[in-house]
Amino acid sequence: MQGLMQDWPLTVDKILDHAKAWHGGREIVSRSVEGPIVRTTYAEIHERAKRVSNALLGLGILPGDRVATLAWNTGRHIEAWYGIMGMGAVCHTLNPRLFAEQLVYIINHADDRIIITDLTFVPVLASIRDQIPGVKHIIVLSDEAHLDGSLPGALAYETLVENASADISWGGFDENTAAGLCYTSGTTGNPKGVLYSHRSNFLHTLVTMGSDVLGIKATDTVLPVVPMFHANAWGLTFSAPAVGAKLVMPGPKLDGASVHELLETEGVTFSAAVPTVWQMLLTHLRTSKGTLSTLKRVVIGGSAVPEAIVRGFRDEYGVDVTHAWGMTETSPLGTQATPNYAISQMDAEQQLQFKLKQGRAPLGIELKLVDDDDKPLPHDGTTFGRLKVAGPFVVGEYFRAEGGKILDQDGFFDTGDVATLDEHGVMQITDRAKDVIKSGGEWISSIEIENIAAGHPKAELAAVIGVVHPKWDERPLLLVKLKTGEAATKDEFLQFLDGKIAKWWMPDDVVFVDEIPLGATGKIDKKLIRERMKDYVLPPAAGVASGAVALAAPPEPKIYAPEPEPEPVVEPGHEDDAWLHWTPDAAQSVDRSRREAPAAPADHVEAPADAQLPFRGR
Ligand code: ADP
């Protein structure tokens with residue numbers, strides 16, 4: 001027997017309709033690419049998004065066509081999103097931090113018909129224009145005055161919006177219609193397209209609105225630092241209009257000072273970003289003696305949150321951190337480390353240990369922990385296994401992928417993460433399956449060691465990889481990038497780890513490096529580190545580490561030259577934030593560094609010749 005309730009397709013256009021109807025005057029404030037702060041409202045965004053739909057129809061876009069965006073978080077980007085999705089086309093968010101070859105691959109693979117871009121990315125699109133013949137039009141999110149002719153045929157967004165009618169009906173199609181497309185970043189293999197449906201985005205929005213998940217409210221002011229091009233800004237550009245929260249969009253400036261300025265001037269209460277961004281904000285706050293007068297909560301995910309960040313926010317600024325885990329394939333939010341009742345009864349220090357884990361599954365996410373033979377593993381908080389996930393906003397298959405089937409016989413997707421689940425159902429990522437260190441038949445968590453090492457006061461970043469060992473197969477090697485002006489010995493780091501990890505997890509060597517490379521989504525690029533370190537040999541004394549390796553005084557030899565820094569867009573005082581400021585020049589220079597091994601002094605290990613390959617299989 002069927003129920004007798006209304007058939008009301010779950011399509012995302014209804015989210016913006018709702019925002020316009022009930023929160024029409026609520027503001028969206030953007031730092032524009034042109035510079036000024038721009039203020040608009042949900043009602044205005046709604047009207048302009050409808051004009052976008054008509055403009056796209058006028059340019060020949062049909063439902064199901066892919067329309068790409070290559071853009072920062074701004075109000076215009078939101079208009080483009082809803083304009084594309086509302087008419088039944090597919091919004092393909094391109095990640096500008098990818099290398100040009102990867103963009104070409106992804107654009108052609110997705111068969112994008114139109115690209116809507118910010119001025120920032122006009123040069124890179126001009127450089128690849130002849131390699132993306134399927135793209136019929138490029139629309140620049142600006143007015144005519146800002147088009148400099150470097151991209152022949154480019155259309156000015158403002159002119160299109162002005163000339164289009166706002167009269168169009170959105171929706172009216174099946175809720176399983178494709179709405180969005182996002183490729184995984186390629187840090188773990190070939191980029192793979194995740195094709196979200198209206199229904200999956202709508203359900204993800206409802207789930208993330210829960211107070212044990214993101215829990216944002218109409219009274220919140222939300223600043224998504226996490227980009228719309230990286231896993232849908234963790235759904236915030238759906239959930240903020242869904243509840244009627246004010247949105248503050250940071251545009252291209254994601255360094256500590258710029259984010260802080262917006263947090264304070266706009267009265268932001270809630271924000272979300274990867275740990276690197278929050279580390280930069282904390283550094284900025286400490287050096288500038290800044291305060292956070294309105295911020296109450298931040299969600300941190302994308303990679304594991306270091307304890308020092310949680311404590312820093314809590315103890316110095318009174319801001320609560322929620323750790324979250326997810327992936328492009330899970331829309332992206334999978335788990336959040338909000339306490340269950342039993343955890344909420346513990347004292348603050350005990351609760352902190354649960355906050356550092358990746359968290360619990362909300363309704364709509366099923367988790368399972370299995371061994372290599374797919375046998376269930378105990379939820380005892382110590383047994384590692386493969387983490388699998390199922391639910392209505394979890395990927396079923398990749399877009400246009402060969403091989404098709406990616407789910408197991410029970411319909412679960414293997415996340416590629418290695419995790420534990422404890423008796424409270426709280427999940428902790430211990431590694432990515434390909435990064436876990438297999439030593440003497442046992443597994444060592446590279447993430448756990450690097451998180452602790454990164455808490456050393458002299459460390460800016462730490463990474464742990466497994467290196468070949470004749471007796472134990474693999475042993476951990478710790479790479480450390482020190483803070484500017486610091487010097488340290490291996491012993492200092494080994495002693496810092498002593499007592500915090502099992503003796504047999506102790507790294508066999510510590511190497512100080514100029515740079516720890518980050519991938520396109522701000523995560524440590526272990527694939528590149530492994531390639532660079534492939535000729536590295538452990539010191540002869542190393543066995544299963546005793547933790548007490550006698551060490552020479554600094555300076556330690558540098559292992560490889562740093563990648564060239566992007567230059568032109570770094571503002572005074574923001575030098576450390578350079579990787580966040582993308583320019584085509586920067587991309588090209590980084591790109592070149594991947595193609596040609598950097599000129600290195602004699603004691604440096606050269607980058608291997610194949611390090612330039614844009615992406616390699618898992
Ligand atoms: P990729 O970087 O491969 O493109 P995503 O950006 O979707 O993919 O990243 C998903 C992966 O990021 C997860 O599978 C997991 O390994 C890692 N990740 C995400 N959040 C966390 C977290 N809170 N702690 C540790 N790892 C995380």
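Start at 1 and go down the list; that is how both ligands and their atoms are numbered.
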Sole residue of Ile429, Val436, Val418 in side chain to side chain contact (heavy atoms under 4.5 Å, CB included) with Ile447: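 It is Ile429; the other options fail the test.
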Around atom CD of Glu397, are there more than 12 heavy atoms from other residues, nucleotides or ligands closer than 6.0 Å?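 No, CD of Glu397 has 12 or fewer neighbouring heavy atoms, counting only those of other groups under 6.0 Å.
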For ligand 1, note which part of Asp417 has a heavy atom under 4.0 Å away: side chain, backbone, both or neither.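 Asp417 to ligand 1: side-chain contact only, backbone stays beyond 4.0 Å.
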Going by the closest heavy atom to atom 17 (C) of ligand 1, which one wins out of Ser303, Ala433, Gly302, Pro332?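 It is Gly302 whose heavy atom sits nearest to atom 17 (C) of ligand 1.
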Judged on heavy-atom distance to atom 23 (N) of ligand 1, which of Pro191, Gly301, Ala324 sits nearest?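 The residue whose heavy atom sits nearest atom 23 (N) of ligand 1 is Ala324.
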Numbered atoms of ligand 1 (with element) below 4.0 Å of Trp325, judged on heavy atoms: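 The atoms of ligand 1 under 4.0 Å from a heavy atom of Trp325 are 13 (C), 15 (C), 18 (N), 19 (C), 20 (N), 21 (C), 23 (N), 27 (C).
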Which of the numbered atoms in ligand 1 are under 4.0 angstrom from any heavy atom belonging to His230?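 Answer for ligand 1: 6 (O).
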May I ask you to decide if the ring planes of Phe493 and His456 are parallel, tilted or perpendicular, using 30° and 60° as cut-offs?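 If you compare the ring of Phe493 with that of His456, the planes turn out parallel.
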Is the shortest N/O to N/O distance between Gln358 and ligand 1 below 3.5 Å?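 Min N/O separation from ligand 1 is below 3.5 Å for Gln358.
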With respect to Met327, determine whether any N or O atom, backbone or side chain, lies less than 3.5 Å from an N or O atom of ligand 1.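 No: no nitrogen or oxygen of Met327 is under 3.5 Å from one in ligand 1.
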Would you find a donor on one side and an acceptor on the other, under 3.5 Å apart, between the side chain of Ser439 and the backbone of Glu474?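 Flag set: sc Ser439 to bb Glu474 pair under 3.5 Å.
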Worked check of ring-ring contact (aromatic ring centres under 6.0 Å, His included) between His204 and Tyr196: CA-CA 10 Å; His204 181 262; Tyr196 307 105; 8.3 Å; no
